[in-house]
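To keep things clear, I will list the structure first and then write my remarks on it.
These numbers were taken from a predicted model, which means no experiment stands behind them. A note on names: the letters A, B, ... follow the listed sequences, proteins ahead of strands, and every chain is numbered from 1.
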Protein chains: 2
Amino acid sequence: MKLDPNSAADLSAQIAQAIRDAIVAGDLIVDERLPSEAELSEQFQVSRPTVREALKRLAAQSLIRTQRGATGGAFVNRLNYEDAYSQQITTSTLLLSMNAVSFDTACEARYALERACAPLSATRRSADQLATMRAEIFRQGQPGLTDEAFCASDVAFHRALVDGAGNPVLSYQLAGAVEAMQPLMNMITFTARDRQIILALHTRIADAIEAGDGPDAVQGLSALEDETRKLAADVFAARAKR
Amino acid sequence: MKLDPNSAADLSAQIAQAIRDAIVAGDLIVDERLPSEAELSEQFQVSRPTVREALKRLAAQSLIRTQRGATGGAFVNRLNYEDAYSQQITTSTLLLSMNAVSFDTACEARYALERACAPLSATRRSADQLATMRAEIFRQGQPGLTDEAFCASDVAFHRALVDGAGNPVLSYQLAGAVEAMQPLMNMITFTARDRQIILALHTRIADAIEAGDGPDAVQGLSALEDETRKLAADVFAARAKR
DNA sequence: AAGAAATCATTTGTCAGACATTTAAAAGTC
DNA sequence: GACTTTTAAATGTCTGACAAATGATTTCTT
């Protein structure tokens with residue numbers, strides 16, 4: 001692990017990259033302890049604060065964890081789905097909000113990905129996941145539900161659908177797409193009639209999943225996508241007129 | 001922005017979280033300059049090194065960028081697709097390698113997602129993207145190509161397919177899935193006959209995309225998935241026997 | 001007056017050294 | 001042997017300093 005003194009990058013960034021490379025390449029394996037900060041500062045010929053900045057960079061990506069005390073230090077972290085989820089959601093949310101991604105673009109991506117899950121979910125979903133979907137549908141039918149709560153329930157419904165595919169990699173990839181859209185969805189106000197339509201489509205999708213009918217679930221999702229986009233278009237049009 | 005003195009978390013982690021929340025909530029907008037490190041250390045009542053560790057955490061997630069000099073400082077960064085890509089790829093790669101995700105699981109996720117893109121790609125792909133696909137097919141037919149180069153070309157082919165959907169959100173979501181699988185794919189050795197079969201399927205997919213026939217492209221991808229999984233199963237079986 | 005050069009002020013990057021805190025192991029005590 | 005105390009090692013935090021970059025200001029020159 002060597003540094004390039006001519007590089008424009010900060011020393012701490014270079015050190016972080018060197019360690020990151022070692023982890024990705026497998027030179028440092030999970031739960032392996034890195035040298036202490038003092039040792040690293042000697043190895044890289046930099047001060048301890050600089051080493052620490054590098055380690056914090058890696059900690060921000062959940063690549064390492066640190067522990068205080070006699071046998072403490074920095075350890076290569078086993079990246080788990082939960083950490084990866086939350087990072088992905090933060091990144092996706094900001095990506096959408098900062099780049100003025102249109103509602104249509106985000107919506108299209110989301111439903112395209114969900115349709116990819118539906119056939120798998122139709123054959124594999126657990127009883128529990130199906131029950132979650134049904135429960136969320138029930139919740140969505142309750143009167144007096146705020147728009148935000150309706151949206152949150154919508155997300156929960158779709159997550160259950162996605163998780164039903166029983167493929168953690170798919171769930172991970174989709175968590176970002178579904179959750180990152182929530183701020184956009186929250187801009188929509190749902191009339192009682194809108195909710196009724198969505199509810200009916202959710203029920204249709206859940207029925208298809210329960211029956212193991214993948215293609216029908218896909219069709220239901222497509223119908224839901226059309227409905228969502230129409231709804232959003234109306235809301236934005238009304239807002240523009242004002 | 002306040003800190004919780006009872007929290008178990010490091011001060012730098014708390015400060016980073018506070019600033020991160022402010023960015024996600026939109027309280028800090030793109031290109032806005034944060035207070036200087038000296039000012040932040042006064043605001044949060046911590047020392048400058050601690051503030052710096054917090055800023056490095058945010059920089060690691062591409063949430064801020066820093067500039068030296070008189071009018072320098074830390075600025076809220078516009079998260080672009082490129083940065084998000086590379087983060088996603090790193091995360092996905094480690095997630096797969098560290099959690100012993102099976103080849104089948106990763107493969108299934110990847111092709112499910114690609115099938116989600118295919119219909120869109122069939123109607124929207126640019127001439128340039130189609131040309132890229134054809135060029136990669138041609139490259140894959142060249143004799144003397146190493147397995148690694150073959151895999152790299154395969155990734156390029158599939159990226160062109162995905163990008164053809166013309167939806168940057170989809171491209172971003174899928175970049176991770178496709179590229180993260182490369183290390184797994186690199187474990188496979190492709191015989192001349194394997195390559196011929198893959199080549200034929202690639203050609204079929206490209207033809208379908210060119211003809212605007214989404215369903216046929218989807219079928220081609222399914223066939224390619226079956227082929228890939230069969231190939232991998234053989235390789236792993238042979239390796240287990242040894 | 002205009003332009004070039006020098007200076008200055010501000011800000012991040014880096015360093016050195018110190019102390020506080022946490023933690024596990026070692027040593028001591030009953 | 002069980003419990004307590006001590007010790008050592010590591011991270012967490014602070015202080016203060018200087019280096020380097022960079023835009024703004026001032027000064028000098030023509």
Quiz item: Is there a donor in the side chain of A:E82 and an acceptor in the side chain of A:Q87, or the other way round, less than 3.5 Å apart?
Solution: no

Self-check item: Phosphate OP1/OP2 of D:dG12: any A:R52 side-chain N/O under 4.0 Å
Solution: yes

Exercise. Give the C-alpha distance, both sets of side-chain angles, the deciding distance and a yes or no for side chain to side chain contact (heavy atoms under 4.5 Å, CB included) between B:F103 and B:T105.
Key: CA-CA 6 Å; B:F103 187 90; B:T105 302; over 6 Å; no

Quiz item: So does B:S12 get a side-chain nitrogen or oxygen closer than 4.0 Å to the phosphate oxygens (OP1/OP2) of D:dG12?
Solution: no

Self-check item: Interatomic distance, A:L58 CG vs D:dT11 P [rounded to whole Å]
Solution: 14 Å

Quiz item: Between B:L11 (CG) and D:dC14 (P), how many Å, whole number?
Solution: 6 Å

Self-check item: Residue closer to the 5' end of DNA chain D, A:L55 versus A:P49 (nearest nucleotide)
Solution: A:L55

Quiz prompt | Gap between atoms CD and P, on B:E37 and D:dT15 respectively (whole Å) | solution = 15 Å

Quiz item: Does a nitrogen or oxygen in the side chain of B:R33 sit under 4.0 Å from OP1 or OP2 of C:dT11?
Solution: yes

Practice problem: Would you kindly give the CD-to-P distance between A:E42 and D:dA9, to the nearest whole Å? | Solution: 15 Å

Quiz item: For DNA chain C, what residues of residues 61-70 of chain A have any heavy atom nearer than 4.0 Å?
Solution: A:R68, A:G69, A:A70

Self-check item: Interatomic distance where CG belongs to B:D10 and P belongs to D:dA10 [whole Å]
Solution: 18 Å

Self-check item: Ionic contact status for B:R139 with B:E136, cut-off 4.0 Å
Solution: yes

Quiz prompt | Salt-bridge present (A:D31, A:R65; N to O < 4.0 Å) | solution = yes

Quiz item: Less than 3.5 Å between a donor and an acceptor, one on the side chain of A:R48 and one on the base of D:dG12, is that the case here?
Solution: yes

Quiz prompt | Distance, rounded to the nearest Å, where A:E53 contributes CD and C:dG13 contributes P | solution = 8 Å

Self-check item: Separation of atom NZ in A:K56 from atom C1' in D:dG12, rounded to whole Å
Solution: 8 Å

Quiz item: Between B:L184 and B:A106, which heavy-atom pair has the shortest distance, and what is it?
Solution: CD1-CB, 4.0 Å

Exercise. Measure the distance from CZ on B:F75 to C1' on D:dT22 and round it to the nearest whole Å.
Key: 12 Å

Quiz prompt | A:T71 vs C:dA24: side-chain N/O to OP1/OP2 distance below 4.0 Å | solution = no

Practice problem: Hey, could you give me the CG/NE2 distance between A:L174 and A:H158, rounded to the nearest 0.5 Å? | Solution: 11.5 Å

Practice problem: Any chance you could measure A:Y172, atom OH, to B:N99, atom CG, to the nearest 0.5 Å? | Solution: 11.0 Å

